[in-house]
Amino acid sequence: MSEQEALFRYTLRMGDNSLVLGHRNSEWCGHGPVLEEDIAQANIALDLIGQARNYLTYAGEVEAKFRPSALPTGQAGPLRTEDDLAYLRGEREYINVQLVELPKGDYARTIVRSFLFDAFHLPLQQALTTSKDERLKGIAEKAVKEVTYHLRHSSEWLVRFGDGTEESHRRAQEALDDLWRYTGELFTPDEAEEVLAKAGIAPKLADVKQEWSATVDRVLKEATLKRPADGWMASGGKKGIHTEHLGPMLAEMQTLQRSYPGVEW
Amino acid sequence: MYKISLRERVPSTTLATRNTFPYIMPDSQQESLFQQKVDAEQKIEPRDWMPDGYRKNLVRQISQHAHSEIVGMLPEGNWITRAPSLRRKTILLAKVQDEAGHGLYLYSAAETLGTGRDEMVDQLLSGAAKYSSIFNYPTLTWADIGAIGWLVDGAAIMNQVMLCRTSYGPYARAMVRICKEESFHQRQGYDILITLSKGTPEQKAMAQDALDRWWWPSLMMFGPSDKDSPHSAQSLKWKIKRQSNDELRQIFIDRTVSQAEFLGLKIPDPKLKWNEATQHYDWGEIDWTEFNEVIRGNGPCNAERMAARRKAHADGAWVREAALAYAGKKSKRNAA
Ligand SMILES: [Fe+2]
Ligand SMILES: [Fe+2]
């Protein structure tokens with residue numbers, strides 16, 4: 001895999017992860033457990049969708065450089081825009097990790113999922129601030145501030161749940177036990193990630209995992225929650241093999257673009 | 001950073017008596033001083049003496065306003081997951097988030113009058129408190145998101161600009177912040193319709209259909225006509241309101257007609273016509289039966305809106321309890 005192609009897949013994945021999680025978090029808007037959380041979740045979703053826009057725009061530009069002829073037929077313009085990539089790819093072409101596409105569930109599930117992702121996302125973005133790729137570096141510099149807040153938000157709530165009432169503790173532990181099997185995929189590099197790690201453009205996922213693991217241990221301890229044992233891990237998202245939940249989510253998200261092809265909104 | 005229902009509830013009598021003058025002044029005298037202050041355009045502040053009716057009227061109006069912001073998140077929230085581009089999605093999500101923020105400011109303003117947020121929320125969920133009827137209409141197409149920004153936020157702004165000069169200080173100040181954001185909302189909504197009206201015939205039809213459905217409900221947002229408005233006269237005297245329902249409605253119509261023309265859309269009122277003599281538009285008649293039915297709970301989405309709010313509140317109960325329990329444990333630990 002060429003470095004350009006790896007960079008395309010990498011930026012696409014970063015965009016997909018942020019977009020799908022942002023979409024899931026935005027589902028809370030108007031339905032949160034307390035008004036302040038509607039606002040917080042909307043904030044986080046806005047950050048994530050903003051990141052996705054940066055990554056997808058970049059992905060389109062990278063793709064046009066190494067694969068100018070790969071454009072789907074009938075499509076105007078020389079390169080795929082953020083919206084082409086967000087709205088006109090099907091679920092087999094999305095390459096986000098499965099963790100982010102799972103339904104939002106109750107608030108414990110939402111918080112646990114966010115926490116598991118944020119604890120990975122922060123060291124990843126921190127590492128990307130030293131990327132040899134200027135564009136990735138620039139995106140990461142802004143994202144680090146945002147993701148720092150995301151991790152603080154999800155950690156604080158996880159501690160409240162773990163060390164709150166019996167019910168909140170039970171819900172948080174259940175969500176944690178359930179979601180644990182989706183964490184393996186975060187740290188299993190695909191070819192693109194390996195190529196970019198060698199080139200000094202992206203970090204080694206093993207390094208990111210160390211920090212993730214330390215954060216998880218620290219917060220779970222404070223939350224009086226038990227870290228699940230590493231058992232069988234789900235995977236496939238990075239290759240476009242998803243859970244059954246992504247398809248309906250995309251169908252909803254893409255409905256207007258698909259129903260009225262090629263028009264301006 | 002995080003504030004939950006731990007806040008103290010201050011009974012209204014405490015606030016009212018805390019600030020009485022050092023000598024006993026009869027209520028009638030207090031009231032005339034109060035009215036002088038209002039007439040002189042001085043703001044009434046939380047610790048000032050105020051007639052009970054003024055306090056009650058304000059709590060009713062501000063909390064109703066807060067509830068409207070919150071319930072109003074639902075019809076627009078209906079399109080967050082389906083917004084047709086990432087830019088539109090971002091704008092819509094930020095807008096709905098603003099509305100949540102408006103709800104927060106307003107609940108805080110009402111709390112300065114001695115009624116706690118929990119109590120106000122309970123009144124909403126029990127059906128005792130009202131919210132703006134406009135949010136009982138469904139958002140059926142993407143164009144509705146444009147129409148809401150343009151017409152609903154537009155009508156709300158008329159009211160809110162007036163309320164920036166309302167006599168109660170905390171309410172007026174909340175309004176100044178809110179108004180800035182509302183005018184963004186209106187422009188963004190209008191921008192959606194500009195794009196649609198320049199688009200395909202299907203998109204244009206979508207825009208016209210939205211205007212057809214939202215026009216009359218938007219006019220109803222200004223409330224009953226002056227002759228039937230139960231709270232209006234007193235509110236005007238106390239300068240809680242500064243302009244009557246009918247005055248504001250007329251200004252709104254006068255302003256909106258040319259905006260519809262610019263979009264190439266037709267306002268669904270055959271009687272709408274410029275009147276040279278009055279320098280205003282003449283227009284048809286609001287269907288007051290519909291207006292009253294929707295207020296009574298028989299609008300297309302009343303039940304859904306309340307069900308959604310009640311569900312969010314009930315589903316969130318364990319979350320709020322956990323936050324309280326944790327805060328309690330923490331303060332105990334800190335004290336030890
Ligand atoms: Fe608002
Ligand atoms: Fe608004």
Side-chain angles (χ1 to χ4, degrees), chain A residues 19 22-24 26-43 45-46 49-50 52-53 56-57 81-83 85-87 106-108 111 152-153 156-157 159-169 171-172 249 252-257 259-260 262-265, chain B residues 1-5 70-78 80-90 92-94 96-101 103-104 107 117 121 141-142 192 195-196 198-200 202-203 206 308-309 311-313 315-327 329-330:
Chain A
L19 177 59
H23 185 103
R24 285 300 188 204
S26 79
E27 292 171 355
W28 280 105
C29 194
H31 308 276
V34 60
L35 194 48
E36 283 82 350
E37 284 307 287
D38 287 55
I39 295 176
Q41 289 297 346
N43 240 330
L46 281 167
I49 294 169
R53 295 179 67 183
L56 293 180
T57 301
T81 65
E82 57 177 41
D83 286 334
L85 289 169
Y87 289 90
D106 69 1
Y107 211 59
I111 290 295
R152 201 178 67 207
H153 178 264
E156 285 177 358
W157 272 103
V159 171
R160 277 190 197 105
F161 287 166
D163 196 15
T165 62
E166 232 171 82
E167 180 179 7
S168 67
H169 181 92
R171 285 177 187 260
M249 191 203 102
E252 181 178 358
M253 182 176 113
Q254 298 176 342
T255 174
L256 283 169
Q257 289 266 356
S259 311
Y260 304 90
V263 307
E264 283 287 312
W265 294 99
Chain B
M1 165 205 124
Y2 180 72
K3 246 173 75 186
I4 199 165
S5 18
I70 303 309
V71 177
M73 294 168 72
L74 297 170
E76 292 188 277
N78 183 32
I80 290 173
T81 53
R82 291 179 289 166
S85 71
L86 295 181
R87 186 174 81 91
R88 294 287 185 205
K89 194 191 212 50
T90 305
L92 178 59
L93 184 53
V96 180
Q97 186 194 31
D98 284 348
E99 307 300 5
L104 271 188
Y107 282 128
R117 181 164 129 199
V121 170
T141 73
W142 172 247
I192 289 176
T195 307
L196 293 177
K198 284 197 222 145
T200 63
E202 273 168 311
Q203 286 176 303
M206 204 185 266
R309 285 316 311 160
K311 182 173 189 310
H313 194 74
D315 289 354
W318 70 267
V319 176
R320 299 188 298 275
E321 277 158 23
L324 274 172
Y326 176 74
K329 285 186 198 175
K330 206 176 166 186

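Each chain gets a letter, A, B and so on, in the order its sequence line appears, and its residues count up from 1.
- No other option in A:Gly162, A:Ala45, A:Gly30 has as many heavy-atom pairs under 4.5 Å with chain B as A:Gly30.
- For A:Ala108, the parts lying under 4.5 angstrom from a heavy atom of chain B are both the backbone and the side chain.
- With a 4.5 Å cut-off on non-hydrogen atoms, A:Glu82 touches chain B through its backbone and its side chain both.
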Verdict with reasoning, B:Arg117 to A:Glu36, per salt bridge (Lys or Arg N to Asp or Glu O under 4.0 Å) | CA-CA 13 Å; B:Arg117 181 164 129 199; A:Glu36 283 82 350; 2.8 Å; yes

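- Contact annotation for B:Glu202: only side-chain heavy atoms (C-beta onward) come within less than 4.5 Å of a heavy atom of chain A.
- Of the atoms belonging to A:Leu46, heavy atoms from both backbone and side chain fall under 4.5 Å from chain B.
- Using a 4.5 Å cut-off between heavy atoms, A:Leu19 touches chain B through its side chain atoms alone.
- If you tally non-hydrogen atom pairs under 4.5 Å between each of A:Glu27, A:His23, A:Arg53 and chain B, the highest count goes to A:Arg53.
- Aromatic pair A:Trp157/B:Tyr326: centroids not less than 6.0 angstrom apart.
- Of all heavy-atom pairs between B:Trp318 and A:Glu167, the closest is CB-OE1, 3.4 Å.
- Only the side chain of A:Asp38 comes within contact range of chain B, with at least one heavy atom under 4.5 Å from a heavy atom of that chain.
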Decide side-chain contact (heavy atoms from CB on, under 4.5 Å) for B:Ile70 and A:Leu35; before the verdict, give the C-alpha distance in whole Å, the side-chain angles of both, and the deciding distance to 0.1 Å.
-> CA-CA 9 Å; B:Ile70 303 309; A:Leu35 194 48; 3.5 Å; yes

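- For B:Lys198, no part lies near chain A; criterion is any non-hydrogen pair under 4.5 Å.
- Interface check for chain A: of the options B:His313, B:Glu76, B:Met206, the most heavy-atom pairs under 4.5 Å are formed by B:Met206.
- Rounded to the nearest 0.5 Å, atoms CD1 (A:Ile39) and CG (B:Leu104) are 4.0 Å apart.
- For A:Tyr87, the part sitting under 4.5 Å from any heavy atom of chain B is the side chain, from C-beta outward, and nothing else.
- Looking at B:Ile80, the atoms closer than 4.5 Å to chain A (heavy atoms on both sides) all sit in the side chain, from C-beta outward.
- B:Ile192 does not touch chain A: none of its heavy atoms, backbone or side chain, sits under 4.5 Å away.
- Under a cut-off of 6.0 angstrom, the local environment of NZ in B:Lys329 is crowded, with over 12 non-hydrogen atoms contributed by other residues, nucleotides or ligands.
- For the options B:Gly316, B:Ser85, B:Ala312, heavy-atom pairs under 4.5 Å to chain A are most numerous at B:Ser85.
- Your options are B:Gly199, B:Gly77, B:Ala100, and the one with the most heavy-atom pairs under 4.5 Å with chain A is B:Ala100.
- In terms of heavy-atom proximity, B:Met73 sits nearest to A:Cys29 at CE-SG, 4.1 Å.
- For the residue pair B:Thr81 and A:Glu252, a side-chain donor N or O sits within less than 3.5 Å of a side-chain acceptor on the partner.
- Here the closest non-hydrogen pair linking A:Gln257 and B:Pro84 is NE2-O, 2.7 Å.
- A:Asp83 and B:Leu86 make their closest contact through OD1-N, 2.9 Å (heavy atoms, listed as atom of the first residue, atom of the second, distance).
- In this structure a side-chain-to-backbone donor-acceptor pair under 3.5 Å is missing from B:Arg82 to A:Leu256.
- Both the backbone and the side chain of B:Arg87 come within contact range of chain A, judged by heavy atoms closer than 4.5 Å.
- Between B:Thr195 and A:Glu264, the shortest heavy-atom contact is CG2-O, 3.9 Å.
- Only the side chain of B:Gln203 comes within contact range of chain A, with heavy atoms under 4.5 Å apart.
- In terms of heavy-atom proximity, A:His31 sits nearest to B:Ala308 at CE1-CB, 4.4 Å.
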